[in-house]
Amino acid sequence: MRRTIASLCLALLLPLVCLTGCGSQDPSPQAEEPSQTAAVPEEPSVPQEEPEEPSPAPEKSRLIVLDPGHQARANTEQEPIGPGASETKMKVTGGTAGVATGVPEYELTLTVSQLLRQELEARGYQVIMTRESHDVNLSNQERAEIANQSGGDLFLRLHANGSEDSTVQGAMTLCPTPQNPYPIGQLYAQCRLLSDLVLAGLTEATGAQAQMVWETDTMSGINWCQIPVTIVEMGYMSNPQEDALLNDPAYQAKLAAGIANGVDQYFAQTGG
């Protein structure tokens, strides 16, 4: 009986023990709390941009000064042939005229200069003209002073030639001599190179005969200049055939292109 009562008591107590001490597992999963020592993910690194290289300054356009030779009316007053010179010359002559066309030199030089300006500007140069009409009064010294004050890189003076011998033909350029006593003498090498290359460009483009580069200190428009300069004698208006060519628009375009080619070559060789 004692065993039965004890067994009965044990049977009654077991459910109470299970109710208080035997916990049941929750069937739904619970998210794990992060550990206090778990590594915190690093923020993604932002790539640092390389500083941009400064853009190079745009190259300054080279400035070419064009002087269409002569004008409608000559000025027979005298001016010094160069700075400080006692020798004088006429300020500006009227130039020659075509024996076949009758076109005066001052008209031809302005026409070709205007074409040359268009050609040079199309190649990226800046251009200044000493005159853009025939009704001006500019001495050779004043034309050179325009070039000097412009800050230009080159001074091109366009002319046409004349001779008592109507068979003479061809183109030439003029520059100072190495002994030139005026400031331009210090630029002899540049002037000579410019004259050589412009003459070569002109004759190659037109097929004209190359006469020579005439070194002379008799031209006041050269002597007063302070930047590289050349006079371009494009051909002989005293030669009927060459006069006709010089006044042909297609040939004039070749003249402009050829002179511009010489300018390109000058800067290619000097880097300036």
[X] and [Y]: same hydrophobic cluster, using ILVMFWY side-chain contacts below 4.5 Å?
| X | Y | result |
| --- | --- | --- |
| L120 | L202 | yes |
| V198 | F267 | yes |
| L194 | V213 | no |
| V103 | Y106 | no |
| Y188 | W214 | no |

Short side-chain to backbone donor-acceptor contact, [X] and [Y], under 3.5 Å:
| X | Y | answer |
| --- | --- | --- |
| N148 | Q226 | yes |
| S150 | A147 | yes |
| E233 | G235 | no |
| R143 | L66 | no |

>> With side chain to side chain contact (heavy atoms under 4.5 Å, CB included) as the criterion, how do V168 and N239 come out once you've worked through the C-alpha distance, each side chain's angles and the decisive distance to 0.1 Å?
In response: CA-CA 6 Å; V168 177; N239 180 294; over 6 Å; no
Salt-bridge criterion met for [X] and [Y] (N-O under 4.0 Å):
| X | Y | result |
| --- | --- | --- |
| R192 | E215 | yes |
| R131 | D67 | no |
| K91 | E77 | yes |

Side-chain donor-acceptor pair present, [X], [Y], cut-off under 3.5 Å:
| X | Y | result |
| --- | --- | --- |
| Y236 | Q209 | no |
| E119 | Y125 | no |
| T167 | D165 | yes |
| Q78 | T88 | yes |
| D243 | N247 | yes |

4.5 Å side-chain heavy-atom contact, [X] and [Y]:
| X | Y | value |
| --- | --- | --- |
| V92 | E142 | no |
| M234 | E242 | no |
| L154 | V65 | no |
| P80 | S220 | no |
| T270 | L193 | yes |
| L246 | Q252 | no |
| N261 | L197 | no |

[X] versus [Y], closest heavy-atom pair with distance:
| X | Y | result |
| --- | --- | --- |
| Q179 | D217 | C-OD2, 4.1 Å |
| V127 | L63 | N-CD1, 3.9 Å |
| A257 | R123 | O-NH2, 3.5 Å |
| G221 | F155 | O-CE2, 4.1 Å |
| A160 | T109 | N-CG2, 4.4 Å |
| T173 | S195 | OG1-O, 3.0 Å |

> Would W224 and I81 satisfy side chain to side chain contact (heavy atoms under 4.5 Å, CB included), going step by step from the backbone distance to the final call?
Replying inline: CA-CA 8 Å; W224 281 98; I81 195 172; 5.9 Å; no
Out of curiosity, [X] [atom1] to [Y] [atom2], how far, rounded to the nearest 0.5 Å?
| X | Y | atom1 | atom2 | result |
| --- | --- | --- | --- | --- |
| E105 | L158 | CD | CG | 10.0 Å |
| Y266 | T230 | OH | OG1 | 11.0 Å |
| T206 | D248 | OG1 | CG | 12.0 Å |
| N161 | S238 | CG | OG | 7.0 Å |
| M90 | S139 | CE | OG | 11.5 Å |
| I222 | T177 | CD1 | OG1 | 10.0 Å |

>> I need the single residue from T218, T216, N180 that forms a side-chain hydrogen bond (donor to acceptor under 3.5 Å, both in side chains) with N223. Which is it?
In response: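 Only match with N223 under side-chain hydrogen bond (donor to acceptor under 3.5 Å, both in side chains): N180.
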>> Looking at E145, I'd like to know if its CD atom is crowded, meaning that more than 12 non-hydrogen atoms belonging to other residues, nucleotides or ligands lie closer than 6.0 Å.
In response: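 Yes, enclosed.
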> Quick one: are the ring centres of H134 and H70 less than 6.0 Å apart?
Replying inline: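 Centroid separation for H134 and H70: 6.0 Å or greater.
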>> Under the criterion salt bridge (charged side-chain N to carboxylate O under 4.0 Å, His left out), I'd like the reasoning laid out for E132 against R117: C-alpha separation, chi angles, the key distance, then a yes or no.
In response: CA-CA 11 Å; E132 297 190 61; R117 174 175 61 184; 2.9 Å; yes
> What do the steps show when you test N140 against R157 for side chain to side chain contact (heavy atoms under 4.5 Å, CB included), and what is the final call?
Replying inline: CA-CA 10 Å; N140 287 307; R157 309 188 64 217; 2.7 Å; yes
> Is there a side chain to side chain contact (heavy atoms under 4.5 Å, CB included) between I184 and V229 once you walk through the steps?
Replying inline: CA-CA 9 Å; I184 193 63; V229 57; 3.9 Å; yes
> When I259 is tested against each of L115, L199, I64, V232 for side chain to side chain contact (heavy atoms under 4.5 Å, CB included), which residue passes?
Replying inline: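 Filter result, single survivor: V232.
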